[in-house]
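The structure under discussion is supplied below as structure tokens; questions concerning it will follow.
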Amino acid sequence: MSEVVLWNLIGILAIVAYVALIAVALLQIYRSTMPTNTKLLWLIVILVAPFLGPLIWFAIGRNSALL
């Protein structure tokens, strides 16, 4: 394979992984039993920090009783 084709493939896979990360985080927030205002806060976090937001959700948001 050409080096350009390889880098294009890596870029496409990275974009797919990025979109999947955000989609799964949003789906989990939607299905959670948190109050609506807390869900809205998490939605804002994900939209303001599109890569870091879902990572924070997966690290602390799903199991956090503080929010």
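Every value quoted in this text rests on a predicted model; they were computed, and no experiment measured them. Sequence positions, counted from 1, serve as the residue numbers for this chain.
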### Message
Applying the side-chain contact (heavy atoms from CB on, under 4.5 Å) criterion to N8, which one of L6, V5, V4 satisfies it?
### Response
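Passing option: V4.
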### Query
In Å, rounded to the nearest 0.5 Å, how long is the span from CD1 of I12 to CH2 of W7?
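Spacing of CD1 (I12) from CH2 (W7) equals 14.0 Å.
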### Query
Cluster question for you: counting only ILVMFWY and a side-chain heavy-atom cut-off of under 4.5 Å, with indirect links fine, are V48 and I56 together?
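Cluster IDs for V48 and I56 match.
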### Cluster link L27 to W57, ILVMFWY, side chain under 4.5 Å
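L27 and W57: separate clusters.
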### Query
Between L55 and L21, does a side-chain contact (heavy atoms from CB on, under 4.5 Å) hold up when you go through it step by step?
CA-CA 8 Å; L55 293 179; L21 178 71; 4.2 Å; yes
### Query
Any side-chain heavy atom of Y30 within less than 4.5 Å of one from L26?
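Side-chain contact under 4.5 Å: no.
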### Task
May I ask you to test the I29-I46 pair for a side-chain heavy-atom distance under 4.5 Å?
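Side-chain contact under 4.5 Å: yes.
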### Query
What are the two closest heavy atoms between K39 and M34, and how far apart are they?
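The pair with the smallest heavy-atom distance is CE-O, 3.4 Å.
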### Task
Compare every heavy atom of W42 with every heavy atom of G53, then report the nearest pair and how far apart it is.
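Scanning both residues, the minimum pair turns out to be O-CZ3, 4.4 Å.
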### Message
For I22 versus P54, what's the shortest heavy-atom pair and its separation?
### Response
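For I22 and P54, the tightest heavy-atom pair comes out as CG1-CG, 3.8 Å.
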### Query
Are the side chains of L47 and L43 in touch, meaning some heavy atoms are under 4.5 Å apart?
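They are in side-chain contact.
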